Amino acid sequence: MAARVLGRAGRLAAVVRSSALQLRLHGSAGLRFGSQASFFPPLGDAMLPSGSFNNHVALITGGGTGLGRAMTATLSQLGAQCIIASRKLDILQRTAEEISSQTGNKVHAVQCDVRDPQAVSQCVDQMEALTGLPDVIINNAAGNFVCPSERLSPNAWKTITDIVLNGTAFVTLELGKRLIQNQKGASFLAITTIYAESGSGFVVPSASAKAGVEALYKSLAAEWGRYGHRFNIIQPGPIRTKGAFSRLDPTGAFEKATIDRIPTGRLGTPAEIANLAAYVSSNYASWMSGAVIRFDGGEYVSLAGEFNELRSVTPDQWKILEVMIRNTKGS
Ligand SMILES: CCCCC/C=C\C=C\C(=O)SCCNC(=O)CCNC(=O)[C@H](O)C(C)(C)COP(=O)(O)OP(=O)(O)OC[C@H]1O[C@@H](n2cnc3c(N)ncnc32)[C@H](O)[C@@H]1OP(=O)(O)O
Ligand SMILES: NC(=O)C1=CN([C@@H]2O[C@H](COP(=O)(O)OP(=O)(O)OC[C@H]3O[C@@H](n4cnc5c(N)ncnc54)[C@H](OP(=O)(O)O)[C@@H]3O)[C@@H](O)[C@H]2O)C=CC1
């Protein structure tokens, strides 16, 4: 009994410790917990041995904010020289300075709209001049908003699919070609979503484009292994970021319902996905290619199972149900 109480206190202390660490390095917003969350405390410190990315160069698109920022912080902490690229140079520069001053490793900010293949090519030119070609590429940039499909204009459709599918393809093809020419292998990682697999109403351009990204990465995993390239995919479940939640849960109503259906009782944290992305991009995962990793606290299976709502049936109600079912014997 005493051991159980001490175990629980230890887990809670770990939650508090790791939340404090995340606030320092990743600046994540306050976490909300459901009743089950104490079983699944998020850890905030880097999982891989220090120096795992020494002499590695990593490009992270959308690395100035949210999950991309967290991935950059972790890779930089582990020794990588990082390049972060997106449209807003001021935000990129601020993030680069903050992370670099904490880790002591250089983070470069490069402006790039991934929808424009010429801008992508110039970004890679800039990168080659700054650091040489990368060892790690994380295609994380995205655009999204909830909207009934009948309200979508052609340009709304084009905007999301251009950022997500074409942007990922332009970055991947530009770097892939140059790496092949230079006979240098690399790890490519794409960040998609759990609904890339199931589809989802109200985010149809995003669902379609993310499914396309998954097809692109699985295809290239098969085709470009011979050039030393690995291609993997992480499908995150909900992780609070300003970019995602302001566009997908503008009133905040969605969050509680989401937490209630996640078996681990909480949202994910940026530091957790950063650890997974670092592992997948590292040499520890050199045998991993073509993998699709769902990272969602169990939300996908919770949404999928026809009878999962029976979680709300009480033990007393089960006694009654069992009698009713047993009474069917012989009928
Ligand atoms: C809460 C649960 C969380 C679970 C999360 C699961 C998955 C998450 C996936 C994600 O991808 S989250 C990442 C979200 N982050 C971002 O979206 C950041 C970047 N986003 C943006 O910059 C903008 O939101 C935008 C619209 C994607 C692109 O900006 P910009 O290029 O400036 O486009 P415009 O503002 O010019 O708009 C283009 C086009 O789209 C129409 N439009 C814009 N917003 C809406 C809306 N809310 N509803 C309907 N239509 C919209 C806009 O009117 C333009 O079309 P026109 O025909 O009028 O030209
Ligand atoms: N947070 C979550 O719950 C989930 C997130 N995801 C995925 O995780 C990734 C990160 O999302 P998150 O951190 O939450 O959201 P953010 O909005 O913080 O990140 C999106 C990033 O994409 C960049 N971006 C957008 N458009 C372009 C463009 N045209 N060219 C270059 N960069 C662009 C933005 O920078 P800028 O504005 O400077 O261009 C921004 O840094 C995305 O792929 C998203 O789909 C998936 C499932 C769940």
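Predicted model, so just to flag it, every value in this text is computed and none were measured. Both ligands and their constituent atoms are indexed starting at 1 by order of listing.
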Atoms of ligand 1, numbered as shown, that sit under 4.0 Å from any heavy atom of [X]:
X: G243; value: 14 (C), 15 (N)
X: A142; value: 11 (O), 15 (N), 16 (C), 17 (O), 18 (C), 19 (C)
X: G143; value: 16 (C), 17 (O), 27 (C)
X: S153; value: 55 (O), 56 (P), 57 (O)
X: F245; value: 1 (C), 3 (C)
X: R87; value: 19 (C), 21 (C), 22 (O), 29 (O), 31 (O)
X: D249; value: 1 (C)

Give a yes-or-no answer on whether the side chains of [X] and [Y] include a donor-acceptor pair shorter than 3.5 Å.
X: R69; Y: T241; value: no
X: S187; Y: N232; value: no
X: Q317; Y: T314; value: yes
X: Q235; Y: T193; value: no
X: Q81; Y: H108; value: yes
X: T74; Y: Q77; value: no

Q | Geometric class of the H229/Y227 ring pair [parallel <30°, tilted 30-60°, perpendicular >60°] | A |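 Judged by the thresholds at 30° and 60°, the geometry between Y227 and H229 is tilted.
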Answer yes if a protein heavy atom lies under 4.0 Å from [atom], otherwise answer no.
atom: atom 31 (O) of ligand 1; value: yes
atom: atom 47 (N) of ligand 1; value: yes
atom: atom 37 (O) of ligand 1; value: no
atom: atom 25 (C) of ligand 1; value: no

Q. Looking at I83, I137, L75, which one forms a side chain to side chain contact (heavy atoms under 4.5 Å, CB included) with V57?
A.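 Going through the options one by one, the only one that passes is I83.
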Q. What's the shortest heavy-atom distance between N308 and S302, and which atoms?
A.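 Distance-wise, the nearest heavy atoms are ND2-O, 3.1 Å.
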Q: Grab the two heavy atoms, one from F53 and one from A278, that are nearest each other, plus how far apart they are.
A: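 The pair with the smallest heavy-atom distance is CZ-O, 3.3 Å.
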Identify the protein heavy atom lying closest to [atom], giving its residue, its atom name and the separation to 0.1 Å.
atom: atom 12 (S) of ligand 1; value: A244 CB, 3.6 Å
atom: atom 1 (C) of ligand 1; value: F254 CD2, 3.6 Å
atom: atom 52 (C) of ligand 1; value: A156 CB, 5.0 Å
atom: atom 59 (O) of ligand 1; value: N155 ND2, 2.9 Å
atom: atom 42 (N) of ligand 1; value: F145 CZ, 3.6 Å

Q: State whether R94 and E98 are salt-bridged, where the test is any N-O pair (Lys NZ or Arg NE/NH1/NH2 against Asp/Glu carboxylate O) under 4.0 Å.
A: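 Salt bridge between R94 and E98, a charged N being under 4.0 Å from a carboxylate O: no.
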Q.
Under 4.0 Å between a side-chain nitrogen and a carboxylate oxygen: does that hold for D90 and K88?
A.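 K88 and D90: not salt-bridged.
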Q: Out of P238, A257, A196, indicate the one that has the non-hydrogen atom closest to atom 4 (C) of ligand 1.
A: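 Shortest heavy-atom distance from atom 4 (C) of ligand 1: P238.
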Q) Which is closest to atom 5 (C) of ligand 1 by heavy-atom distance: D113, L248, T258? A)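 Nearest heavy atom to atom 5 (C) of ligand 1 lies in L248.
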Q. Side chain, backbone, both or neither: which part of K242 comes within less than 4.0 Å of ligand 1 when only heavy atoms are counted?
A.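 K242 to ligand 1: no contact under 4.0 Å from either part.
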Q) Relative to ligand 1, is I160 under 4.0 angstrom through side chain, backbone, both or neither, heavy atoms considered? A)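 Near ligand 1, I160 shows its side chain, while the N, CA, C and O stay back.
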Would you say ligand 1 has an N or O under 3.5 Å from any N or O of [X]?
X: T159; result: no
X: R115; result: yes
X: N144; result: yes

Any non-hydrogen side-chain atom of [X] less than 4.5 Å from a side-chain atom of [Y]?
X: N144; Y: V203; value: yes
X: F39; Y: P263; value: no
X: I239; Y: L67; value: yes

Q) For F254, is the NZ or CZ atom of R247 found under 6.0 angstrom from the centre of its six-membered ring and inside 45 degrees of the ring axis? A)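 Relative to the ring axis of F254, which defines the angle, R247 lies outside at least one limit.
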Q: Start with the C-alpha gap between R266 and E272, add the side-chain angles, then the distance that decides, and say whether salt bridge (Lys or Arg N to Asp or Glu O under 4.0 Å) holds.
A: CA-CA 12 Å; R266 63 172 174 86; E272 286 177 294; 2.8 Å; yes
Q: Work out whether the distance between some heavy atom of R247 and some atom of ligand 1 is less than 4.0 Å.
A: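 Under 4.0 Å: yes for R247.
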Q. What do you reckon, does C147 put a non-hydrogen atom under 4.0 Å from ligand 1?
A.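 So C147 counts as touching ligand 1.
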Q) Heavy atoms under 4.0 Å from ligand 2: which residues qualify? A)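 The 4.0 Å shell around ligand 2 contains G62, T65, G66, L67, S86, R87, K88, C112, D113, V114, R115, N140, A141, A142, I163, I191, T192, T193, K210, P236, G237, P238, I239, T241, G243, A244.
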Q) Residues in ring-ring contact (aromatic ring centres under 6.0 Å, His included) with Y217, at least two apart? A)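 Here the qualifying residues are F231.
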